[in-house]
Amino acid sequence: MKWIRTMVCALGMLACVSLSAFAAEYGEPNITTKTTMKELRENPSIKGSGYYTYCNEWIEGSTQYDDTPIEGYVSYAAAEDAAEGMNLVIENYNRGVQITWQVYTPEEIAENSSLGMVQLYYFPAKTANAKYAIVVPGNGGNTTAELNEGASIANQLHELGYAAFVLRYRSFLNASDNAPLYDIANAVKYLTENADQFGVQRENYALMGFSSGGHIVGLIGSDNEKFGYKAFGLPQPAALLLGYPINDFFEVKPLYQLAIDPLVLGWRYYWADISDVVNENFTPTYFFYGKNDLYMQRMCYSQQGPLLERKLRESGAVYECHVYENAPHAIGPGRHTDADGWIRQATAFWEKQCK
């Protein structure tokens, strides 16, 4: 009997060790604006989820921002929601939700390794059969802003009852051959084909773009047969929800051409202005910008004012434009600025356009 008791105790201890090891695979949803980037990235659930957090570094894995808190890594207007968005990732991952989804197949990635970086980060809605938005962050150079204009936005959309998918797409040197447009189009196709799996509606989806991400979303939202939603065989979005979208890449166009598509003579997305493809059939559009947004003043204005707003008005397209005194560039959800609450206004506009 003694050896039986010993065996039972040993098995019990082994079970406890196993449970502890299993529990160690999960992190706590205790992310705050004070959490450093190293602490965030070392959270087991963030690591396990696959959510991309190297949004400012030129080299993935760099320790440059290890000691930087979230509130210093993203804009002051996005920090609170970015932290809560990361907690939402942790909570979803801990209950068995797959966060990261590859847009392209293993076979496609094997032929072109850059396709492997194209991912959707899933934030489920609170209820089934929800409307969803694909959030397309801006890219200020080498990387896309999955925290500043991704997780922070998804957090607010989740609170409002929507499903959100943050898209990591090919940018800068990986953006040749109009890659970002194909990445958005294939993301929509993927979600349309797998809507039941994600618990979302096939129709009534929105595309939500920021800065240069707003530029490519605007092009996709047109009915242009070369690069609009029709060109890719997509259902028309119910709405475009744009934060400080770049209309015209201005003097950087030749630089993009030289860096991304040297010796290419064909059409490229960065040569096109959203305002040039606006007509009466343009997807209903909500957008905002701030008067103190220096990027918008350089890349979106003419002598008659903001080109996109003027073209939307002249075409008779459905739109809402909100202009704020204090809404600098890259503020994401806009907390602590005049644009605070714009996502609630934008989703109300979206709802009006749904079938």
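Quantities reported herein were computed from a predicted structural model and do not represent experimental measurements.
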Side-chain polar contacts of residues 177-184 - donor-acceptor pairs under 3.5 angstrom, sequence neighbours left out - could you list them?
from : atom 1 : to   : atom 2 : distance (Å)
D177 : OD1    : R268 : NH2    : 3.1
N178 : OD1    : Y269 : N      : 2.8
N178 : ND2    : W267 : O      : 3.3
D183 : OD1    : Y104 : OH     : 2.7
D183 : OD1    : R170 : NE     : 3.2
D183 : OD1    : R170 : NH2    : 2.8
D183 : OD2    : R170 : N      : 2.9
D183 : OD2    : R170 : NE     : 3.1

Exercise. Are any side-chain N or O atoms of N87 and backbone N or O atoms of N30, one a donor and one an acceptor, separated by less than 3.5 Å?
Worked result: yes

Exercise. Is there a path of hydrophobic side-chain contacts, each under 4.5 Å between heavy atoms of I, L, V, M, F, W or Y residues, that connects Y121 with V97?
Worked result: yes

Exercise. Under the 3.5 angstrom rule, does the side chain of E108 hit a backbone N or O of T105 as a donor-acceptor pair?
Worked result: yes

Exercise. If you draw a 6.0 Å radius around CZ in R344, do more than 12 non-hydrogen atoms from other residues or ligands fall strictly inside?
Worked result: no

For this session: Examine distances only and state if a side-chain atom of Q345 and a backbone atom of Y286 form a donor-acceptor pair shorter than 3.5 Å.
Result: no

Exercise. Is it true that W271 and I260 fall in one hydrophobic cluster, defined by side-chain heavy atoms closer than 4.5 Å?
Worked result: yes

Exercise. What do the steps show when you test I31 against L40 for side chain to side chain contact (heavy atoms under 4.5 Å, CB included), and what is the final call?
Worked result: CA-CA 7 Å; I31 308 301; L40 173 68; 4.0 Å; yes

For this session: Check step by step if side chain to side chain contact (heavy atoms under 4.5 Å, CB included) holds for E309 and L312.
Result: CA-CA 5 Å; E309 182 181 1; L312 285 166; 5.8 Å; no

For this session: Could you give me the CA-CA distance, side-chain angles and deciding distance for K291 and E325, then say whether salt bridge (charged side-chain N to carboxylate O under 4.0 Å, His left out) is met?
Result: CA-CA 5 Å; K291 291 182 179 179; E325 294 289 334; 2.9 Å; yes

Exercise. Just by modelled atom types, is the F249 backbone N or O under 3.5 Å from a matching donor or acceptor in the H215 side chain?
Worked result: no

Exercise. Does T337 reach the main-chain N or O of G334 with its side chain, forming a donor-acceptor pair under 3.5 Å?
Worked result: yes

For this session: Please answer whether the main-chain N or O of P235 pairs with a side-chain N or O of Y205 as donor and acceptor at a distance below 3.5 Å.
Result: yes

For this session: Take N43 and I90 through the side chain to side chain contact (heavy atoms under 4.5 Å, CB included) test and state the conclusion after the steps.
Result: CA-CA 9 Å; N43 185 294; I90 294 169; 3.5 Å; yes

Problem set entry | From CA spacing to verdict: ring pair (Phe, Tyr, Trp, His ring centres under 6.0 Å), F198, W101 | CA-CA 11 Å; F198 293 108; W101 297 80; 4.8 Å; yes

Exercise. Does the separation of the ring centres of Y244 and F288 fall below 6.0 angstrom?
Worked result: yes

For this session: For residues 44-53, pull every pair meeting side-chain hydrogen bond (donor to acceptor under 3.5 Å, both in side chains), keeping only residues two or more places apart or in separate chains.
Result: R41-T53, S45-N94, Y52-E60

Problem set entry | Residue of the set I153, V89, V135 for which side-chain contact (heavy atoms from CB on, under 4.5 Å) holds with F123 | V89

Problem set entry | Backbone of F349 reached by a side-chain donor or acceptor of Q353 within 3.5 Å | yes

Exercise. Has K352 got more than 12 heavy atoms of other residues, nucleotides or ligands less than 6.0 Å from its NZ?
Worked result: no

Exercise. Checking ring pair (Phe, Tyr, Trp, His ring centres under 6.0 Å) for the pair Y132/F165: CA distance, chi angles, key distance, verdict?
Worked result: CA-CA 8 Å; Y132 76 86; F165 297 85; 5.6 Å; yes

Exercise. Do N292 and N326 pass the side chain to side chain contact (heavy atoms under 4.5 Å, CB included) test, and can you show the C-alpha distance, the side-chain angles, and the key distance before you say yes or no?
Worked result: CA-CA 6 Å; N292 58 344; N326 173 34; 3.1 Å; yes

Exercise. Would you say the side-chain atoms of Q257 pair up with the backbone N or O of D261, donor to acceptor, closer than 3.5 Å?
Worked result: yes

For this session: Could you tell me whether a side-chain N or O of E25 sits under 3.5 Å from a main-chain N or O of P44, the two making a donor and an acceptor?
Result: no

Exercise. Among K311, E314, R313, whose side-chain contact (heavy atoms from CB on, under 4.5 Å) with V278 holds?
Worked result: K311

Exercise. Judged by atom type as modelled, is there a donor-acceptor pair below 3.5 Å linking the side chain of W342 to the main-chain atoms of G332?
Worked result: yes

For this session: Begin with the C-alpha distance, continue with both residues' side-chain angles, and end with the deciding distance and a verdict on salt bridge (charged side-chain N to carboxylate O under 4.0 Å, His left out) for E351 and K131.
Result: CA-CA 9 Å; E351 289 288 351; K131 300 179 183 69; 3.3 Å; yes

Exercise. When you look at D67 and K38, which way does the salt bridge (charged side-chain N to carboxylate O under 4.0 Å, His left out) test go after all the steps?
Worked result: CA-CA 7 Å; D67 298 327; K38 182 178 181 180; over 6 Å; no

